[in-house]
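Below: the structure, in structure tokens.
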Amino acid sequence: MLELKQVTVRYDKHLAVDGVGFSVAKGETVVILGANGAGKSSLLKAMAGVVAPEAGSQIALDGTSLVGRKAHEVTNAGIALVPEGRGVVGLMTVEENLRLGATPPRARHDEAARMTQVFEIFPRLKERRDQLVHTMSGGEQQMVAVGRAMMSNPDYLLLDEPSLGLAPIVVTDLFRALARIKQTGVGLLIVEQNVRVSLRHADRGYLLEAGRITDEGSAEELMNDEIVRHAFLGGDI
Ligand code: ATP
């Protein structure tokens with residue numbers, strides 16, 4: 001279980017995340033819905049050891065605190081971040097990018113099996129394994145980013161707006177692949193502005209507004225929730 005309590009992120013005087021708490025279990029998909037600037041990326045960065053949360057923040061994996069751990073230590077504990085903008089290396093091939101994901105000690109022993117699994121989830125990547133990533137479409141690059149995170153053998157995958165900038169059909173394919181990853185027992189935490197698609201694929205969700213959780217419920221409850229409807233797309237979801 002991945003558990004957060006009172007997580008706060010501040011940039012100088014600006015409070016980006018304000019006392020946030022929630023949990024994600026293995027094999028579960030949880031979505032955090034939030035508009036631009038709500039604090040979604042800051043929350044994931046704090047979880048991934050990329051930014052330091054304020055004193056008093058609690059982030060724990062199966063009861064062990066992750067606060068103060070460096071990003072590579074968090075990855076090696078079993079949490080992989082797929083950052084906004086993907087973070088893939090354009091001048092390297094698909095296969096080279098995937099191999100980069102297998103550098104944590106927890107992933108080294110079964111690299112070939114992990115790559116086979118990634119190619120099963122994303123057959124397109126197998127076809128394009130020797131292609132330079134910068135020559136690929138946005139959707140394909142997102143597959144590389146998710147595939148690379150899977151190469152670290154994670155228990156939990158954190159995804160920062162995976163649908164951003166992708167065509168609806170590509171988003172549907174991507175979320176289908178994420179559903180397959182969930183079936184392998186990985187816990188998924190997805191932060192998204194795309195309410196409709198993300199709730200369709202989630203078990204539960206939270207609404208993040210100005211750094212605070214203002215609502216939570218099952219995906220179905222949130223889909224029909226007036227607060228969520230009014231926070232996004234003027235009530236039209
Ligand atoms: P977006 O979808 O636009 O990325 P978000 O929900 O991911 O938004 P964050 O990127 O976490 O939100 O930003 C939350 C707030 O913190 C915003 O007001 C943003 O301007 C501010 N912020 C983010 N990163 C920094 C930083 N490095 N320095 C100062 N302020 C920052």
Side-chain angles (χ1 to χ4, degrees), residues 2-24 29-59 66-71 74-75 79-88 138-139 141-142 145-146 149 156-168 170-171 174-175 178 187-202 204-217 219 222 225 227-234 236-237:
L2 189 51
E3 275 184 297
L4 282 75
K5 285 182 193 154
Q6 286 298 321
V7 173
T8 299
V9 177
R10 196 186 291 273
Y11 303 106
D12 294 323
K13 286 189 180 148
H14 183 79
L15 194 56
V17 178
D18 185 6
V20 164
F22 63 87
S23 62
V24 189
T29 300
V30 172
V31 64
I32 299 205
L33 303 169
N36 271 330
K40 305 183 300 298
S41 299
S42 300
L43 185 58
L44 290 195
K45 285 178 187 167
M47 297 174 74
V50 178
V51 301
E54 294 259 296
S57 303
Q58 296 176 42
I59 305 171
L66 297 175
V67 174
R69 302 251 199 121
K70 295 195 167 62
V74 175
T75 312
I79 297 175
L81 173 67
V82 180
E84 190 176 354
R86 298 163 197 142
V88 290
Q141 292 192 22
Q142 189 62 268
V146 175
Y156 293 89
L157 206 51
L158 316 181
L159 297 119
D160 195 346
E161 295 205 46
S163 78
L164 198 67
L166 303 183
V170 179
V171 172
L174 179 67
F175 273 83
L178 294 178
L188 298 176
L189 178 66
I190 306 174
V191 305
E192 265 291 350
Q193 299 191 45
N194 191 332
V195 177
R196 204 191 307 250
V197 174
S198 55
L199 283 181
R200 199 178 296 142
H201 290 86
R204 296 187 297 116
Y206 299 84
L207 179 63
L208 187 70
E209 291 183 292
R212 288 171 175 244
I213 302 265
T214 55
D215 201 3
E216 65 177 280
L222 288 176
D225 189 312
I227 303 172
V228 172
R229 284 173 176 273
H230 282 99
F232 292 92
L233 306 174
D236 174 28
I237 64 166

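Both ligands and their constituent atoms are indexed starting at 1 by order of listing. On a predicted model such as this, the values are computed, not experimentally measured, just so you know.
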By salt bridge (Lys or Arg N to Asp or Glu O under 4.0 Å) - contacts of Glu54 (at least two apart):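 Result, salt bridge (Lys or Arg N to Asp or Glu O under 4.0 Å) vs Glu54: Arg10.
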
Identify, chain by chain and in numerical order, each protein residue with a heavy atom under 4.0 Å from an atom of ligand 1.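 Within 4.0 Å of ligand 1, protein side: Tyr11, His14, Ala16, Ala35, Asn36, Gly37, Ala38, Gly39, Lys40, Ser41, Ser42, Glu84, Glu161, Gln193.
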
Is a donor from one side chain sitting under 3.5 angstrom from an acceptor on the other, for [X] and [Y]?
X	Y	result
Thr8	Asp18	no
Ser42	Tyr11	yes
Gln6	Ser57	no
Ser23	Glu3	no

Cationic N near anionic O, under 4.0 Å, Arg204 to Glu216: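 Salt bridge absent between Arg204 and Glu216.
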
